[in-house]
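Here is the structure we will look at, set down as structure tokens.
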Amino acid sequence: VDKSPRWSEKGGPVALGGQDMVSILQLVQNLMHGDDDVEPQSTRIQNIGEQGHMALLGHSLGAYISTLDKERLRKLTTRILSDTTLWLCRIFRYENGCAYFHEEEREGLAKICRLAIHSRYEDFVVDGFNLLYNKKPVIYLSAAARPGLGQYLCNQLGLPFPCLCRVPCNTMFGSQHQMDVAFLEKLIKDDIERGRLPLLLVANAGTAAVGHTDKIGRLKELCEQYGIWLHVEGVNLATLALGYVSSSVLAATKCDSMTLTPGPWLGLPAVPAVTLYKHDDPALTLVAGLTSNKPADKLRALPLWLSLQYLGLDGIVEKIKHACQLSQRLQESLKKVNHIKILVEDELSSPVVVFRFCQELPNSDPVLKAVPVPSMAPSTFGRERHSCDALNRWLGEQLKQLVPASGLTVMDLEVEGMCVRFSPLMTAAVLGTQGEDVDQLVACIQSKLPVLTCTLQLREEFKQEVEGTAGLLYVDDPNWPGIGVVRYEHANDDKSSLKSDPEGEKIHSTLLKKLNELESDLTFKMGPEYKSMKSCIYVGMVSDNIDVSELVETIAVTAREIEENSRLLENMTEVVRKGIQEAQVQLQKANEERLLEEGVLRQIPVVGSVLNWFSPVQASQKGRTFNLTAGSLESTEHTYVYKVQGTGVTPPPTPSGIHTKQRLPGSQGPEI
């Protein structure tokens with residue numbers, strides 16, 4: 001019998017006799033928390049309240065419940081599933097609906113697509129994909145849908161990508177993040193004429209990026225006209241639990257299915273997402289995977305069943321209402337702040353606030369901020385867009401650090417550019433965001449505005465000063481939020497090369513050290529150029545008006561001094577190196593001359609000692625000293641002469657002064 005220890009996946013041996021529960025729990029704790037000295041525990045594990053513990057308890061209870069006998073288990077799981085479904089349908093105004101609980105948020109939509117396929121293709125169970133080949137299904141997704149959703153559906157359903165149809169958003173009228181209904185109808189007609197089957201439409205009640213809601217009422221009419229299944233998802237569906245709901249979101253209650261994510265809305269960890277749907281054929285829902293006879297599948301609803309009972313209707317409504325009030329509070333406050341543009345200003349019901357810093361264009365209406373005008377050159381507008389994007393990225397990162405309870409995210413939108421998003425419905429319940437956090441966020445934004453405006457105003461002046469200064473090169477880096485990037489061009493700089501320059505890197509490294517020693521609020525960094533590997537100096541943000549010309553002149557003068565000192569040191573090094581080589585040659589030559597003078601016999605160990613005893617050689621000690629000022633070698637013979645005469649000759653006077661250890665310019669160096 002093989003009694004060698006078995007090895008676990010991580011390489012540790014599994015004890016043959018097993019371990020006690022305390023040791024195992026200690027191991028789990030160590031794996032969860034790791035080294036507490038490296039990172040605080042609070043930054044790794046979210047703050048879980050009582051409702052969170054109730055949700056986590058549901059997973060343990062589910063494991064215990066699964067050990068019941070089959071009949072009792074069937075009754076209990078059926079009760080849990082029916083109760084949770086009924087409560088969710090009543091809370092979110094979805095009458096006579098069924099529920100499917102799933103861990104992956106997109107899984108419910110994939111099951112709905114299967115149900116739609118089985119409903120529209122009656123012989124799909126028998127003929128399978130032959131039906132789909134003859135009449136391809138089409139799934140319509142908004143251009144504002146979350147990234148990767150279409151690819152996920154095709155992978156799950158085994159459909160080719162041409163079965164997806166991307167519906168563009170409005171370009172002329174309405175929100176630029178809402179689906180273009182007129183264009184959608186045109187696409188549907190074109191697909192029908194080409195022999196395709198319009199199958200399913202995914203609408204948004206709160207887009208993933210900015211929280212805009214599609215015109216769901218109009219989309220529902222269009223789907224009923226062409227027999228298309230309408231599925232709705234989005235964060236704004238949470239507002240269906242409130243007393244007042246906007247008409248656009250309320251129309252989602254008439255759709256064929258919707259996906260809810262109560263976990264982040266209510267601050268419940270490890271709670272499944274829920275897809276509510278309406279369908280009359282239980283056989284098709286069973287085939288599509290929306291229903292199951294397995295008790296384990298029904299027990300997925302247990303954590304949510306416990307949490308809903310713990311919170312109650314008032315608790316659920318209060319959490320969602322609190323999140324919406326936070327967004328409204330921020331939106332109202334930002335309207336009073338100059339240079340801040342709100343992107344969802346027209347959607348008062350949206351619990352998502354997206355904003356960005358914008359500069360006012362010269363000679364334009366102050367209301368129109370950072371809006372491109374036709375007369376503006378594309379290159380100019382592109383440069384302004386990149387500048388604002390870099391500043392907004394910096395602003396977002398600063399706000400995230402200063403107010404971590406806000407749960408801000410920085411995102412890049414196709415039209416607007418870099419923006420900051422505040423979505424309390426997805427973060428407030430977990431982070432515990434309060435009204436005071438919103439007020440602090442607004443105060444931080446106002447404190448950063450002078451830095452942003454001043455930096456943006458001085459960028460063009462900095463560029464002109466650098467371009468007008470000899471030896472400096474302005475580097476256009478769209479990702480740097482500071483006033484600019486500059487590179488010093490030394491004498492041996494190869495301007496055509498994009499490779500790293502060791503000499504330039506050494507100069508810029510010393511330049512950075514000297515610039516950081518200046519008494520200034522500016523920050524300087526060194527890094528590679530945006531389009532090459534050459535080193536540059538990155539000048540940071542400014543909080544007040546500074547003399548840009550003086551700054552640029554300081555950079556240029558300091559860089560020249562560093563280069564000149566480097567040249568002087570290199571020249572001195574070269575002179576010393578050549579002097580050493582010449583001294584070695586002269587010493588070797590003197591040694592050969594000494595051999596000729598003394599003779600060969602004196603070099604023999606024993607014979608030479610006898611000869612030197614009878615007839616000593618009066619040879620002077622000859623060495624070489626190097627004069628740094630003259631750059632020449634001199635003999636040390638006169639130095640030894642002074643030393644051996646002792647009392648007969650007075651040595652040269654010692655230079656007077658306090659610092660007697662400093663060597664005067666042109667003085668002789670040490671003997672080589």
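This chain uses plain numbering: 1 for the first residue, then up along the sequence.
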### Query
Does Lys321 make a cation-pi contact with Tyr244, if we ask for NZ or CZ under 6.0 Å from the ring centre and within 45° of the axis?
no

### Query
Would a distance-only check, ignoring hydrogens and angles, find a side-chain to backbone donor-acceptor pair under 3.5 Å from Arg146 to Ala208?
no

### Message
Distance alone, cut at 3.5 Å: any donor-acceptor contact between the side chains of Ser257 and His231?
### Response
yes

### Task
Could you tell me whether Glu224 and Lys254 make a salt bridge, using a distance below 4.0 angstrom between a side-chain N and a carboxylate O?
no

### Message
With a 4.0 Å cut-off on N to O distance, would you call Asp439 and Arg329 a salt bridge?
### Response
yes

### Task
Apply side chain to side chain contact (heavy atoms under 4.5 Å, CB included) to Val232 and Leu237, showing your working.
CA-CA 9 Å; Val232 181; Leu237 291 175; 4.1 Å; yes

### Query
Is any side-chain heavy atom of Thr285 closer than 4.5 Å to a side-chain heavy atom of Tyr277?
yes

#### Entry: Asp191-Tyr140 side chain donor-acceptor pair, cut-off 3.5 Å
yes

### Query
Is there side-chain contact between Phe101 and Thr84, with heavy atoms separated by less than 4.5 Å?
yes

#### Entry: Sub-4.5 Å side-chain heavy-atom contact between Cys169 and His212
no

### Query
Mind checking whether Asp437 and Ser406 have side chains closer than 4.5 Å, heavy atoms only?
no

### Query
Any salt bridge between Asp256 and Lys220, counting N to O under 4.0 Å?
yes

### Spatial distance of atom CZ (Phe355) from atom CD1 (Ile445) [nearest 0.5 Å]
4.0 Å

### Message
As an exercise, state the distance from CE of Met258 to OH of Tyr94, rounded to the nearest 0.5 Å.
### Response
6.0 Å

### Task
Measure the shortest side-chain to side-chain distance between Trp394 and Lys448 over non-hydrogen atoms and say whether it is less than 4.5 angstrom.
yes

#### Entry: Approximate separation, where rounding is to 0.5 Å, of Cys113 SG and Leu157 CG
5.0 Å

### Task
Determine, stepwise, if the pair Leu149 / Glu233 fulfils side chain to side chain contact (heavy atoms under 4.5 Å, CB included).
CA-CA 12 Å; Leu149 180 59; Glu233 62 180 18; 3.6 Å; yes

### Query
Are the side chains of Leu132 and Tyr121 in touch, meaning some heavy atoms are under 4.5 Å apart?
yes

### Heavy-atom donor-acceptor pair, Ser66 side chain to Ala63 backbone, under 3.5 Å
yes

### Query
When rounded to the nearest 0.5 angstrom, what distance separates CD in Glu318 from CG in Leu242?
10.0 Å

### Task
Taking the side chain as every heavy atom from C-beta outward, state whether Met179 and Asn204 have any pair of such atoms under 4.5 Å apart.
no

### Query
Could Glu71 and Arg74 be called an ion pair, given the rule that one side-chain N must be under 4.0 Å from one carboxylate O?
yes

### Message
Could you measure the distance from the SG atom of Cys165 to the CD1 atom of Ile139? Nearest 0.5 Å is fine.
### Response
11.0 Å

### Carboxylate-amine/guanidinium proximity below 4.0 Å for Asp190 and Lys186
yes

### Query
How about Leu199 and Ile117: do any of their side-chain heavy atoms sit closer than 4.5 Å?
yes

